[in-house]
Amino acid sequence: MSFSSFDEQMMRQALNLAAKGLYSTSPNPKVGCVIVQNGEIVGQGWHEKKGEPHAEVFALRQAADKAKGAVAYVSLEPCSHFGATPPCAAALINAGIKKVIASSLDPNPLVSGSGVKMLQNAGVEVAIGLLEQESRALNCGFFSLFERGKPFVTLKIAQSLDGKTALRNGVSQWITGEMARIDVHRGRVASCAVLTGIGTVIKDNPQLNVRHIQTPRQPIRVVADSHLQTPTNAKICTDGGRTILACLPDFATQKTYPDSVEILPVSADKSGQHIDLSILMTKLAEKQIGQLWVEAGSVLNGALLDEGLVDEIIIYQAPMILGDCAKDAFRLPEITALNQCERFIVQDIQTLGDDIKITLHI
């Protein structure tokens, strides 16, 4: 189906509105809606927070009587079922919308295609697929959750020019500058959860929360902690935020933590010594964690990459060299031929102060 340049302009506005919910809608998708009557925007809105009205409702409220006979541009198929809020497809029908242009079908089986069918059965014209890739990218975690049954995994690395993440003595604060560190917090809060390894918890006692920017919510902290070594007085256990400690079943009852800490038993991998990371991803998806941000050491980084569980790598590269004895970003099996190496697609490169941010996709 062909779309006009005006259609594209309106859908980009809907996507821009959707992005306003970047820090607040998890685990719901980020959705924007623009209502147009005779070439003029008469209503617009976005989904602001889980449990609150969806984008279409805010746009219809603004449009009021002008919604009758108008065109609605929505960045995701309008929902057709009763959840925390009534179905948006029904709201559009009741308002007299004559046409709906949606960027993508909703991957949630409770919705997928049924929102379109509800609209069409009511005589509303429907078109799907305008700027679909942009919509999917904005909601990569939401689509991953329903299409693959696992989170979209972003691996964050702060490194020197020679690919080192810390000195041999473990000192790493600060390799990158303030602008890069603030950007890391944007990545954290845009995700449902932040994953790290037990080595990082013991060595750094990190908070792994969002501090440098305002946010209505904090991401869940997840620790890959096979033998449940996380200290009961660790910051991530005592600050009141939600934390998940993923361990082998035999260790699940060996310590008592505050109520904000959940112990998640995960089956062992082939070695029998560590949790199976693939199973961990499935269990996190079952908890509606669709977008996972990883800040870990070389062991967990390497294991995730080696098992094909990484979707995106974000490298913050500082203009310094740490030398041969410094710590590497990945611990991986030896590679003996270049054709064994993973090739990445460069999605974006930008400058943050003196540092460079490189976004790579698998």
Side-chain angles (χ1 to χ4, degrees), residues 12 15-32 46-50 75 133-145 151-159 165 172-196 200 204 206-222 235-236 239 241-243 284 288-296 301 304 310-319 329 344-362:
R12 289 199 183 280
L15 288 165
N16 288 339
L17 289 167
K20 290 178 179 288
L22 188 64
Y23 301 156
S24 58
T25 64
S26 176
N28 286 0
K30 297 167 278 290
V31 183
W46 66 93
H47 180 43
E48 298 178 5
K49 189 177 181 181
K50 179 186 176 184
S75 61
Q133 292 307 311
E134 287 87 341
S135 176
R136 291 178 66 90
L138 182 62
N139 287 302
C140 58
F142 184 72
F143 278 91
S144 182
L145 201 62
F152 183 94
V153 177
T154 297
L155 195 62
K156 165 257 172 182
I157 305 290
Q159 67 177 37
T165 60
S172 61
Q173 296 180 346
W174 296 103
I175 290 176
T176 54
E178 183 178 8
M179 290 183 66
R181 296 198 295 275
I182 291 173
D183 196 68
V184 167
H185 283 248
R186 294 191 186 101
R188 287 180 184 177
V189 73
S191 303
C192 303
V194 178
L195 171 67
T196 194
T200 299
D204 297 335
Q207 293 174 272
L208 294 179
N209 58 7
V210 179
R211 301 182 298 280
H212 293 298
I213 57 177
Q214 288 189 335
T215 173
R217 54 170 288 275
Q218 289 286 347
I220 301 167
R221 284 80 57 94
V222 182
K235 290 178 181 177
I236 58 171
D239 65 3
R242 185 179 172 191
T243 297
L284 293 180
Q288 299 299 297
I289 293 174
Q291 197 159 347
L292 185 64
W293 179 267
V294 181
E295 295 188 34
N301 287 346
L304 289 167
V310 177
D311 298 294
E312 178 180 72
I313 299 176
I314 295 180
I315 296 174
Y316 297 91
Q317 190 166 57
F344 304 101
I345 299 169
V346 178
Q347 293 292 113
D348 185 51
I349 299 176
Q350 58 180 294
T351 302
L352 297 171
D354 292 332
D355 305 314
I356 298 173
K357 178 185 178 183
I358 306 169
T359 302
L360 306 164
H361 280 192
I362 303 299

What pairs with [X] under side chain to side chain contact (heavy atoms under 4.5 Å, CB included), at least two apart in sequence or on another chain?
X: S26; result: C192, R217
X: A318; result: I175, T176, M320, D355
X: K20; result: L17, W46
X: L145; result: A285, Q288

message: Apply side chain to side chain contact (heavy atoms under 4.5 Å, CB included) to residues K30 and H47 and explain how you reach the verdict.
response: CA-CA 6 Å; K30 297 167 278 290; H47 180 43; over 6 Å; no
Just how far is it from atom [atom1] of [X] to atom [atom2] of [Y], taken to the nearest 0.5 Å?
X: T196; Y: K156; atom1: OG1; atom2: NZ; result: 9.5 Å
X: T351; Y: Q317; atom1: OG1; atom2: CD; result: 11.5 Å
X: I345; Y: I362; atom1: CD1; atom2: CD1; result: 9.0 Å
X: I314; Y: I358; atom1: CD1; atom2: CD1; result: 11.0 Å
X: Q218; Y: D239; atom1: CD; atom2: CG; result: 8.0 Å
X: I315; Y: L360; atom1: CD1; atom2: CG; result: 5.0 Å

Donor-acceptor contact present, side-chain [X] to main-chain [Y], <3.5 Å:
X: T165; Y: A158; value: no
X: T25; Y: E48; value: no
X: N301; Y: A329; value: yes

message: For F152, give me all partners under ring pair (Phe, Tyr, Trp, His ring centres under 6.0 Å), at least two apart in sequence or on another chain.
response: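 Ring pair (Phe, Tyr, Trp, His ring centres under 6.0 Å) list for F152, sorted by chain: empty.
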task: Output all residues satisfying ring pair (Phe, Tyr, Trp, His ring centres under 6.0 Å) with H361, sequence neighbours left out; order by chain, then residue number.
output: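 Checked H361 against ring pair (Phe, Tyr, Trp, His ring centres under 6.0 Å); zero matches.
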Quick one, [X] and [Y] - any side-chain contact, counting heavy atoms below 4.5 Å?
X: I157; Y: Y316; value: no
X: D311; Y: C140; value: no
X: Q291; Y: P151; value: no
X: Q350; Y: I356; value: no

message: Suppose we screen for salt bridge (charged side-chain N to carboxylate O under 4.0 Å, His left out). Which residues come up paired with E134, at least two apart in sequence or across chains?
response: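 E134 satisfies salt bridge (charged side-chain N to carboxylate O under 4.0 Å, His left out) with R12 only.
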statement: The salt bridge (charged side-chain N to carboxylate O under 4.0 Å, His left out) partners of R242 (sequence neighbours excluded) come to E262
- prompt: Looking at L284, V153, L304, which one forms a side chain to side chain contact (heavy atoms under 4.5 Å, CB included) with L195?
  reply: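 The option that passes is L304.
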Pair listing, salt bridge (Lys or Arg N to Asp or Glu O under 4.0 Å) test, anchored in residues 175-188, at least two apart: D183-R186, D183-K357, R188-E295
Return the set of residues passing side chain to side chain donor-acceptor pair (under 3.5 Å) with [X] (not counting sequence neighbours), or none when no residue passes.
X: T215; result: none
X: D204; result: none
X: T243; result: R221

Shortest non-hydrogen contact between [X] and [Y], atoms and distance:
X: L15; Y: S75; answer: CD2-CB, 3.7 Å
X: A18; Y: L138; answer: CB-CD2, 3.5 Å
X: S191; Y: W293; answer: OG-CB, 3.4 Å

message: Just by distance, no angles: are the side chains of E312 and T154 close enough, under 3.5 Å, to form a donor-acceptor pair?
response: yes
- prompt: Where do I313 and T359 land on the side chain to side chain contact (heavy atoms under 4.5 Å, CB included) test, with the steps shown first?
  reply: CA-CA 6 Å; I313 299 176; T359 302; over 6 Å; no
- request: Decide side chain to side chain contact (heavy atoms under 4.5 Å, CB included) for V194 and I220; before the verdict, give the C-alpha distance in whole Å, the side-chain angles of both, and the deciding distance to 0.1 Å.
  value: CA-CA 6 Å; V194 178; I220 301 167; over 6 Å; no
